[in-house]
Engineer: 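Have a look at this one before I ask anything.
Just the heavy atoms: all of them, side chains too, but no hydrogens, waters or symmetry mates, feed the values below. A, B, ... follow the sequence lines: proteins, then strands. Residue 1 opens every chain.
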Amino acid sequence: MTEFTPLASLIGGAMLGIASVLLMASHGRIAGVSGIAVRMFPPYLDKDTPGRVAFVLGLVAAPLLYAILAGAWAPVNVTSNAFVLITAGLLAGFGAVWGSGCTSGHGICGLSLLSLRSAVAVVTFMVTAIVIVYVGRHLVGG
Amino acid sequence: MPLIAQFLIGLLFGSGLVISGMSNPEKVLNFLDLAAIPSGGWDPSLALVMAGGAVVTFLGYKLILKRERPLFDTQFHLSQVKNIDAPIIVGPAIFGAGWGLAGFCPGPAFTAIGTGSTSAILFVIAMLAGMVAARLLALRQQRIAAPGAAK
C-alpha cells in the first residue's frame, strides 16, 4: 500500500522535465536513461562516454543528497526474489535498448517531441507491464 | 564543465525520481495494478509524474530547439527514425514485462542503488547485461546506425 501523492508527483515530474530540458540545452541529448546507460559500454561510437557516466553517477547520488537534506532514506521496498530481479533486469534492459528507449526516453522526452514511435512504445510497455502485474498479483498469487 | 553539468543534471533527474517516489518499486507496481482500483489500493502517482515531466519538457524543448545548437555540442541529437517497425513494438513489450515483474525501470533502478539496495544492484547488473546484448545484436543487424536512433 502506497499513498497517492499528487503534489510530490507533480513536483518530482517537473524536476524530471527540467533535467530533460537542461540536457537538451547543454548537450543536445535526449534524457533517455537506457540509451545513456548502454553507451557507457563499448563499442564507443562518439566521445560522450564520460558525460554519460557522470549523468548516471548523478542518478545514483540523488538519494544520498535526499538523505542528507531530509534526514531519512527514500524507501525502496522490493518484494521480488533474486531470480525475479535478474529475470526482470535482463528483460527490461534488453527490451529498452531493442525498443530505442524506456520510460524516460519515450515516456517523457519522446512524447514531448510528439513522436508517434514513442507513443506506440509507451502504450505497448504500459499495457504489457499492467498485464504482467495483473498475472503476478491476482492470478499466480500475491 | 560539461562533465559537471552532466553530473548535476543526473542529480536533478534522480532527485525528481526520489521526490516523486518513483525510486520505490512498490509505488510503481501499485500504479500498474489497475485491478486494485475497486479496493482503493491503486496509486495513480506515476501518471502525474509522467504528465508533469512531459508538459515541462514539451514547453522547454520548444524554447531550446529554436536555438542553433546546444551549449556544449555542435548539434542537437534527435532521432530521425519515424516509421513504426517491429522493434518499436517488440522492444517495449519485452521492456514492459521486465518493468512489471519487479517495478524497476532503468532510471529509478540506478537511483535506488544510491540507497544501498542490494535488490537494485542485482537488477541493474542484469539490466546492463540485457542492454549491451540488445545493442550488440542491433548493431550487427545495422539497425542502430543513426546517432540518437536509440534513446
Engineer: Please indicate whether A:Phe83 has more than 12 foreign heavy atoms, meaning atoms of other residues, nucleotides or ligands, lying under 6.0 Å from its CZ.
Structural biologist: no
Engineer: Could you tell me which portion of B:Ser45 (side chain, backbone, both or neither) has an atom closer than 4.5 angstrom to a non-hydrogen atom of chain A?
Structural biologist: both
Engineer: Mind ranking B:Ile19, B:Asp43, B:Ile64 by heavy-atom pairs under 4.5 Å with chain A and telling me who comes out on top?
Structural biologist: B:Asp43
Engineer: Between A:Asn81, A:Leu114, A:Ile130, who has the most heavy-atom pairs with chain B when the cutoff is under 4.5 Å?
Structural biologist: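 If we count pairs closer than 4.5 Å to chain B, A:Ile130 comes out on top.
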Engineer: Applying a strict under-4.5 Å side-chain criterion to I, L, V, M, F, W and Y, I'd like to know whether A:Leu64 and A:Val60 cluster together.
Structural biologist: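 A:Leu64 and A:Val60: separate clusters.
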Engineer: If you measure from CZ on B:Phe123 to OG on A:Ser80, what distance do you get to the nearest 0.5 Å?
Structural biologist: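 Answer rounded to 0.5 Å: 9.5 Å.
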Engineer: Would a distance-only check, ignoring hydrogens and angles, find a side-chain to backbone donor-acceptor pair under 3.5 Å from B:Arg69 to A:Gly28?
Structural biologist: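 No, B:Arg69 side chain to A:Gly28 backbone: no donor-acceptor pair under 3.5 Å.
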Engineer: Using side-chain heavy atoms (C-beta onward) and a distance below 4.5 Å, is B:Leu137 in contact with A:Phe94?
Structural biologist: yes
Engineer: Work out which heavy atom in A:Leu10 is nearest to a heavy atom in B:Leu48; give both atom names and the distance.
Structural biologist: CD2-O, 3.7 Å
Engineer: Over all heavy atoms of both residues, which pair between A:Leu23 and B:Gln6 is shortest? Give the atoms and the distance, please.
Structural biologist: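 For A:Leu23 versus B:Gln6, the nearest heavy atoms are CD1-OE1, 2.8 Å.
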Engineer: Find the distance between SG (A:Cys109) and OH (B:Tyr61) and round it off to the nearest 0.5 Å.
Structural biologist: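 Answer for the SG-OH pair, A:Cys109 versus B:Tyr61, is 3.5 Å.
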Engineer: Identify the heavy atoms of B:Leu122 and A:Ala82 that sit nearest to each other, and give their distance.
Structural biologist: CD2-CB, 3.6 Å
Engineer: Top residue by heavy-atom pair count (under 4.5 Å) with chain A, among B:Thr118, B:Leu65, B:Thr74, B:Asn83?
Structural biologist: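 Ranked by heavy-atom pairs under 4.5 Å with chain A, first place is B:Asn83.
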Engineer: Do B:Val55 and B:Val49 belong to the same hydrophobic cluster, where Ile, Leu, Val, Met, Phe, Trp and Tyr are linked whenever their side-chain heavy atoms lie under 4.5 Å apart, directly or via other members?
Structural biologist: no
Engineer: Mind ranking B:Val18, B:Leu71, B:Ile9, B:Asp73 by heavy-atom pairs under 4.5 Å with chain A and telling me who comes out on top?
Structural biologist: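 Option with the top pair count is B:Ile9.
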Engineer: Quick one, A:Ile132 with B:Trp99, criterion side chain to side chain contact (heavy atoms under 4.5 Å, CB included). Give me CA distance, side-chain angles, the key distance, then yes/no.
Structural biologist: CA-CA 9 Å; A:Ile132 291 289; B:Trp99 188 34; over 6 Å; no
Engineer: Spell out, as yes or no, whether a donor-acceptor pair under 3.5 Å connects the side chain of A:Ser112 to the backbone of B:Ala54.
Structural biologist: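 Answer holds: yes.
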Engineer: Please confirm whether the backbone N or O of A:Gly13 pairs with a side-chain atom of B:Ser20, one donor and one acceptor, at under 3.5 Å?
Structural biologist: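 Such a contact is absent between B:Ser20 side chain and A:Gly13 backbone.
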Engineer: Looking at CG of A:Leu59 and OG1 of B:Thr111, how far apart are the two atoms once the value is rounded to the nearest 0.5 Å?
Structural biologist: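 Here the interatomic distance stands at 4.5 Å.
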Engineer: Please work out whether the ring planes of A:His27 and B:Phe72 are parallel, tilted or perpendicular, with thresholds of 30° and 60°.
Structural biologist: tilted
Engineer: Where does A:Pro43 contact chain B at under 4.5 Å (heavy atoms): side chain, backbone, both or neither?
Structural biologist: both
Engineer: Hey, does the side chain of B:Lys27 reach the backbone of A:Glu3 with a donor-acceptor pair shorter than 3.5 angstrom?
Structural biologist: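 It does hold such a pair.
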Engineer: Considering only heavy atoms and a distance below 4.5 Å, find which of B:Val56, B:Thr57, B:Leu34 pairs most often with chain A.
Structural biologist: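 Most pairs with chain A among the choices: B:Thr57.
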Engineer: Start with the C-alpha gap between B:Ile84 and A:Arg117, add the side-chain angles, then the distance that decides, and say whether side chain to side chain contact (heavy atoms under 4.5 Å, CB included) holds.
Structural biologist: CA-CA 6 Å; B:Ile84 305 300; A:Arg117 276 170 63 84; 3.8 Å; yes
Engineer: I'd like to verify something: which residue of A:Asp48, A:Val56, A:Val122, A:Val53 has the highest number of heavy-atom pairs under 4.5 Å with chain B?
Structural biologist: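 Most pairs with chain B among the choices: A:Val56.
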Engineer: Between B:Gly41, B:Pro108, B:Pro44, B:Gly107, which shows the greatest number of heavy-atom pairs under 4.5 Å with chain A?
Structural biologist: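 With the most close heavy-atom pairs to chain A, the winner is B:Pro44.
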Engineer: Establish whether B:Ile121 and B:Met131 are linked, either directly or via other cluster members, by ILVMFWY side-chain heavy-atom contacts under 4.5 Å.
Structural biologist: yes
Engineer: Looking only at heavy atoms, what is the nearest atom pair of B:Glu26 and A:Arg137, with distance?
Structural biologist: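 Result for this residue pair: O-NH2, 4.4 Å.
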Engineer: Is it the side chain or the backbone of B:Leu29 that comes within 4.5 Å of chain A heavy atoms, both, or neither?
Structural biologist: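 Both backbone and side chain of B:Leu29 come within 4.5 Å of chain A.
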Engineer: Are B:Phe58 and B:Phe76 joined in one hydrophobic group, where the rule is that I, L, V, M, F, W and Y side chains link up if heavy atoms are under 4.5 Å apart?
Structural biologist: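 Unlinked, B:Phe58 and B:Phe76 end up in two clusters.
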Engineer: Quick one: what part of A:Tyr134 sits under 4.5 Å from any heavy atom of chain B, side chain, backbone, both or neither?
Structural biologist: side chain
Engineer: For a side-chain contact (heavy atoms from CB on, under 4.5 Å) with A:Phe55, tell me which candidate from B:Phe110, B:Phe13, B:Phe7 qualifies.
Structural biologist: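 Going through B:Phe110, B:Phe13, B:Phe7 one by one, the side-chain contact (heavy atoms from CB on, under 4.5 Å) with A:Phe55 is satisfied by B:Phe13 alone.
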Engineer: Using the rule given for side chain to side chain contact (heavy atoms under 4.5 Å, CB included), can you reason through A:Thr2 versus B:Phe31, listing the C-alpha separation, both sets of side-chain angles and the distance that settles it, and then say yes or no?
Structural biologist: CA-CA 9 Å; A:Thr2 50; B:Phe31 168 78; over 6 Å; no
Engineer: Checking B:Leu136 against chain A: side chain, backbone, both or neither under 4.5 Å from a heavy atom?
Structural biologist: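 Side chain only.
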Engineer: Can you confirm whether B:Ile4 is buried at CD1, in the sense that more than 12 heavy atoms of other residues, nucleotides or ligands lie under 6.0 Å from that atom?
Structural biologist: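 Not buried by this count: 12 neighbours or fewer within 6.0 Å.
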Engineer: Say you draw a straight line from NE2 of B:His77 to CD1 of A:Ile30; how long is it, rounded to the nearest 0.5 Å?
Structural biologist: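 The distance works out to 11.0 Å.
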Engineer: Name the region of B:Lys82, side chain, backbone, both or neither, that has any atom closer than 4.5 Å to a heavy atom of chain A.
Structural biologist: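 Contact with chain A involves the backbone of B:Lys82 alone.
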Engineer: Where do A:Pro63 and B:Thr115 come nearest, in terms of heavy atoms and distance?
Structural biologist: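 Closest approach of A:Pro63 to B:Thr115: CB-CG2, 3.6 Å.
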Engineer: With chain B, which of A:Ser9, A:Ala8, A:Gly17, A:Ala121 has the greatest number of heavy-atom pairs at distances under 4.5 Å?
Structural biologist: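 Going by pairs under 4.5 Å, I would pick A:Ser9.
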Engineer: Using a 4.5 Å cut-off on heavy atoms from C-beta on, say whether the side chain of B:Phe95 contacts that of A:Thr103.
Structural biologist: yes
Engineer: Side chain, backbone, both or neither: which part of A:Leu65 has a heavy atom under 4.5 Å from chain B?
Structural biologist: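 Contact with chain B involves the side chain of A:Leu65 alone.
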Engineer: Does A:Phe125 form a side chain to side chain contact (heavy atoms under 4.5 Å, CB included) with B:Cys105? I'd like the steps, not just the answer.
Structural biologist: CA-CA 11 Å; A:Phe125 65 60; B:Cys105 56; over 6 Å; no
Engineer: Which pair of heavy atoms, one from A:Met24 and one from B:Leu78, lies closest together, and at what distance?
Structural biologist: CE-CD2, 3.5 Å
Engineer: For the candidates A:Ser26, A:Ala62, A:Gly51, which exhibits the highest count of non-hydrogen atom pairs separated by less than 4.5 Å from chain B?
Structural biologist: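 Counting heavy-atom pairs under 4.5 Å, the top option is A:Ser26.
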Engineer: Between A:Leu7 and chain B, with a heavy-atom cut-off of 4.5 Å, which part of the residue counts as in contact: side chain, backbone, both or neither?
Structural biologist: neither
Engineer: If I take atom OG from residue B:Ser15 and atom CD1 from residue A:Ile11, how far apart are they, to the nearest 0.5 angstrom?
Structural biologist: 13.0 Å
Engineer: If I take atom OG1 from residue A:Thr128 and atom CG from residue B:Leu32, how far apart are they, to the nearest 0.5 angstrom?
Structural biologist: 10.5 Å
Engineer: Picking from A:Pro6, A:Gly107, A:Gly12, which has the most non-hydrogen pairs under 4.5 angstrom with chain B?
Structural biologist: A:Gly12
Engineer: Among the clusters formed by ILVMFWY side chains lying less than 4.5 Å apart, do B:Leu17 and A:Phe4 turn up in the same one?
Structural biologist: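 Different clusters: B:Leu17 never reaches A:Phe4 through Ile, Leu, Val, Met, Phe, Trp or Tyr contacts under 4.5 Å.
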Engineer: For each of B:Gly52, B:Ala133, B:Ala129, B:Gly116, tally heavy-atom pairs with chain A at distances under 4.5 Å, and name the one with the top tally.
Structural biologist: B:Gly52
